[in-house]
Amino acid sequence: MAELNERYQAQDIEERWQQRWEADKAFATQMNRQRPEYYVLEMFPYPSGNLHMGHVRNYSIGDVIARFRNMQGYNVLHPMGWDAFGMPAENAAIKHGIHPADWTWDNISNMRRQQKALGLSYDWDREIATCHEEYYRWTQWLFLLFYERGLAYKKKASVNWCDSCATVLANEQVIDGHCWRCDSEVRKKDLEQWFFRITDYADRLLADLDDLKGWPDRVKTMQENWIGRSEGLEFNFDVDGFDEKIPVYTTRQDTLCGVSYVVLAPEHPLVERLIAGTEQEAAVRAFVETVRSQSEIARTSTEVEKEGIFTGAYAVHPLTKALVPIWVANYVLYEYGTGAVMGVPAHDERDWLFAGKYGLPKKIVVSPVGETLELDAMTDAYTGAGVLVNSGQFDGLDDETAKKAIADWMEKEGRGTRRVNYRLRDWLISRQRYWGAPIPMIYCPQCGIVPVPKEQLPVKLPRNVRFDQSNVSPLATVDEFVNCTCPVCGAAARRETDTMDTFMCSSWYYMRYTDPRNTTVPFEESKVNYWMPVDQYIGGIEHAILHLLYSRFFTKVLKDAGLVNVSEPFKNLLTQGMVLKDGSKMSKSKGNVVSPEEIVSKYGADTARLFILFAAPPERDLEWSEQGVEGAYRFINRVWRIAAHYQPTLAEASAPLDRDALGEAEKTLRRVLHITIKRVTDDIGNRFNFNTAISAIMELVNAVYAYRDQQAAPNAPLMQETFSVLLRLLAPFVPHVAEELWSQLLVEGSVHKQSWPDFDAEAVKVSEVEIVVQINGKVREKLVVPAGLDAKKMEQLVLEDAKVQQLTAGATIAKVVCVPDKLVNVVVKKG
RNA sequence: GCGGGUAUGGUGGAAUCGGCAGACACAACAGACUUAAAAUCUGUCGGGAGUAAUCCCGUGCCAGUUCAAGUCUGGCUACCCGCACCA
């Protein structure tokens with residue numbers, strides 16, 4: 001056994017252990033039915049070039065969980081890979097003339113090196129990259145599976161277009177009218193595109209949120225809002241003088257008799273038919289053009305004044321048969337519901353404003369109980385509950401009953417049906433970009449749209465492509481790629497030149513990890529079902545809707561297809577907070593970036609990990625503090641020094657610990673030791689409060705120092721136990737230091753292969769406890785009493801206490817509340 | 001507008017089931033060691049009154065429940081996040 005260096009030198013030990021772990025394949029995992037399985041996963045990164053502190057935080061959290069579960073005896077899967085397709089690679093090609101593939105693979109090597117320098121316990125044999133042929137082959141295979149199941153379809157639609165990225169975007173990728181990646185304004189464009197029928201799964205995506213007990217409420221609520229389910233009634237208005245019907249959707253059919261007009265969205269096809277050849281034709285057409293030329297943001301803002309125009313046509317009210325005017329207005333969305341709504345000014349805020357502006361009649365049909373509404377006295381629509389009035393046969397019903405009654409009546413009359421509507425739209429998955437998985441479809445002049453046969457996959461990305469910023473997909477310019485033969489009839493055909501949204505690649509990667517080298521199927525059933533679902537998923541809140549919703553959708557489809565037997569991919573989700581500097585997110589433009597590499601080379605990976613886990617609980621934002629980093633570094637040094645101090649003692653330890661022969665100082669140290677085991681185990685395993693786990697270990701180290709200061713001759717077996725426990729508790733957080741000290745001070749073998757320490761309930765027991773004595777709820781005294789006293793004895797001891805007697809003299813004791821081993825509260829009344 | 005979250009010393013944060021508010025750190029100050037500095041070690045460290053023992057106040061604000069409230073209930077305020085003309 002060599003003597004420990006006086007000083008801790010991270011650089012001396014970290015690389016050595018990293019190489020050792022790699023050579024030993026220390027974290028490689030196989031299926032093993034003898035041990036319970038545990039799948040811990042951090043969201044795989046986009047290979048942008050360098051790790052940032054957010055990555056370090058993400059991986060440190062995952063690594064602590066993985067190492068902890070491993071030591072607890074679980075068979076742990078902890079893989080890493082690369083979300084490697086996407087725009088930045090193409091931008092680099094355009095800007096610097098580097099091929100996206102070269103750029104990406106170079107970045108992957110660099111970031112992998114940085115990850116390894118952090119000492120993360122990944123099973124590197126399972127590494128994947130979505131841009132690898134053997135990965136995107138299966139992404140394409142899954143596209144075909146969706147196509148076969150009727151879940152992939154092509155349609156022309158008004159879609160989101162980002163000029164700067166020169167591609168379309170899914171609704172989920174438009175944030176406040178701006179592109180999620182480059183933040184430039186998104187505009188609408190009519191294009192024929194591939195969609196995934198995620199709306200078919202809307203109800204299940206919503207309902208199954210209830211089963212996700214291990215997800216933050218925040219994320220579930222966001223998905224709930226995004227899916228946006230509403231229950232209502234769809235019914236038709238007849239158009240006076242036309243053989244046409246206007247279907248409308250409403251959730252407030254109780255206000256049916258308050259309808260004083262009907263509104264169509266400007267895009268509604270009926271508009272043209274109603275105005276053709278009329279006086280209004282030119283004016284309405286001009287209005288529609290104006291609205292359609294407005295940007296998405298301008299148009300959908302609630303701030304913008306509602307505008308509309310009368311079409312000249314009238315609809316027939318289904319109940320009263322009255323004629324109501326048909327308008328076109330900017331506030332009606334064509335994509336939602338039926339693209340037409342009934343106008344009820346008295347009971348809808350938007351309709352109130354619109355009717356007010358254009359002088360349309362308002363009619364009260366719902367009256368709050370015990371009150372009479374007067375139109376003249378109203379400043380706003382009444383949208384609350386009430387009883388129906390002015391509604392013929394439905395008068396006197398409360399609004400909820402009326403909803404049912406009117407829906408029943410409509411259904412009986414054959415005029416309408418109850419309908420559930422969702423805000424969620426189908427997922428637009430085609431992208432007019434090069435660096436993605438090609439959509440495996442062929443357009444044949446004879447056969448139409450033909451899928452590429454699965455055995456011909458992958459449809460490979462050609463390497464030689466010109467990159468310029470034109471608005472066509474770069475693949476469309478490569479003749480050898482585009483020109484092909486129809487797999488059905490052999491005729492000359494054209495390939496689809498769009499690639500898939502990168503979110504498709506990341507919607508199933510967690511399943512590929514379970515069987516990453518399979519060349520015949522995406523993953524083998526036995527393997528995927530052994531590991532799935534992911535027990536603990538860790539990542540940023542920015543994916544609350546995007547990646548997490550898509551992955552849930554994929555899992556459900558794959559379950560329906562019999563590929564996997566779970567319907568939810570991620571059992572528990574931890575959304576980590578951001579890493580801030582000077583109060584804002586680290587970013588190049590703000591110049592407040594701290595590079596992980598610098599920190600690792602200055603202090604070591606252990607310090608970086610320890611600081612980032614100690615500074616805040618994982619869900620909260622974390623303020624970077626150079627002084628905090630120094631503090632973490634100091635703590636590691638403190639552990640190192642006390643270990644060096646006791647190295648000779650540990651070398652002598654041979655006899656087992658005699659628990660009955662411990663002195664007071666030893667008992668105290670051992671009690672702290674075992675309380676720490678309990679706290680750290682609970683903090684890591686149940687609460688994910690790594691900051692308090694670390695502070696508990698710090699207290700333990702402080703207790704070891706205190707023991708050293710008062711005890712000239714240390715108890716060698718106790719020190720053996722103390723360091724054995726301390727290093728195992730430290731192992732998940734600071735794996736290199738723990739490993740180094742373990743190898744120098746204790747038995748052969750890796751600390752990471754040791755079992756997690758059990759706590760000894762006997763050691764934690766105390767003979768005396770300090771209890772708090774309150775008088776009328778205020779702390780007045782502290783007494784040391786024997787542990788485990790019952791309430792009666794506690795009360796007796798407290799009432800006998802001189803100070804208590806003095807303080808309660810002359811007062812009547814009304815009540816005494818006793819909490820065993822903790823507190824006694826004496827309630828007194830004056831007098 | 002709807003939904004969700006957050007608010008505790010100079011700072012990050014702790015208090016897990018309603019039971020001593022401020023654990024553990026950071027910073028600051030004082031001291032020890034040193035020729036000196038660094039490193040390390042020790043002490044003080046929410047506010048106020050008092051020589052002191054001790055007492056009063058204090059977890060965004062206002063009420064309430066309770067023997068007891070940072071924690072529970074009701075009502076606000078500020079900030080952050082999501083959705084938003086969704087009929």
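A note on names: the letters A, B, ... follow the listed sequences, proteins ahead of strands, and every chain is numbered from 1. Note that the structure is predicted; figures quoted are calculated from it, not measured. All values below come from the heavy atoms of this structure, side chains included, with hydrogens, waters and symmetry mates left out.
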State which of [options] makes the closest approach to the side chain of [X].
X	options	result
A:L333	B:A87, B:C20, B:C24	B:A87
A:T692	B:A14, B:G82, B:C85	B:A14
A:Q627	B:A27, B:C86, B:C20	B:A27
A:K815	B:A25, B:C67, B:A87	B:C67
A:K778	B:C55, B:C57, B:G19	B:C57
A:S695	B:C20, B:A7, B:C24	B:C24
A:F614	B:C85, B:A27, B:A25	B:A25
A:Y336	B:A14, B:C86, B:C41	B:C86
A:R423	B:A15, B:G12, B:A84	B:A84
A:E699	B:A23, B:G4, B:C83	B:A23

Between [M] and [N] - [atom1] atom distance, rounded Å:
N	M	atom1	result
B:A15	B:G22	P	13 Å
B:A69	B:G19	P	11 Å
B:U6	B:G13	P	13 Å
B:A14	B:G4	P	24 Å
B:G47	B:U65	P	33 Å
B:U11	B:G48	P	15 Å
B:A21	B:C26	P	26 Å
B:C55	B:G5	C1'	39 Å

[X] side-chain N/O to [N] phosphate OP1/OP2 under 4.0 Å:
X	N	value
A:N691	B:A14	yes
A:R687	B:A15	yes
A:R252	B:C86	no
A:R638	B:C41	yes

Once you apply a heavy-atom cut-off of 4.0 Å, does [X] come out as touching a base, just sugar-phosphate, or nothing?
X	value
A:R229	nothing
A:D351	nothing
A:V827	sugar-phosphate
A:P617	sugar-phosphate
A:D682	base
A:G337	nothing
A:Q774	base
A:R218	sugar-phosphate
A:V344	nothing
A:S625	nothing

Is it the case that the side chains of A:N225 and A:R423 hold a donor-acceptor pair, with the cut-off being a distance below 3.5 Å and no angle test?
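The answer is no; no qualifying pair exists.
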Is the number of heavy atoms from other residues, nucleotides or ligands under 6.0 Å of A:K678 NZ greater than 12?
no
Check: A:E305 main-chain N/O paired with A:N330 side-chain donor or acceptor under 3.5 Å:
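Yes, the answer is positive, given that a donor and an acceptor are paired below the 3.5 Å cut-off.
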Would you call B:G50 syn or anti, using the 90° rule around 0?
anti
Any donor-acceptor N/O pair under 3.5 Å between B:C67 base and A:N825 side chain
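Such a pair exists between side chain and base.
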Between the base of B:C20 and the side chain of A:K822, is there any donor-acceptor pair under 3.5 Å?
no
Across every strand shown, the nucleotide meeting Watson-Crick or G-U wobble geometry with B:C79 (both distances under 3.5 Å) is B:G5
Using both distances under 3.5 Å as the test, list the Watson-Crick or G-U wobble partner of B:G12, or none.
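Pairing partner: B:C24.
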Are the charged groups of A:K792 and A:D790 less than 4.0 angstrom apart, N to O?
no
Would you call A:K403 and A:E400 a salt bridge, taking side-chain N to carboxylate O under 4.0 Å as the test?
yes
What are the two closest non-hydrogen atoms of [X] and [Y], and how far apart are they?
X	Y	result
A:F235	A:P318	CE1-CG, 3.9 Å
A:P617	A:N689	CB-OD1, 4.5 Å
A:L206	A:I227	N-CD1, 3.8 Å

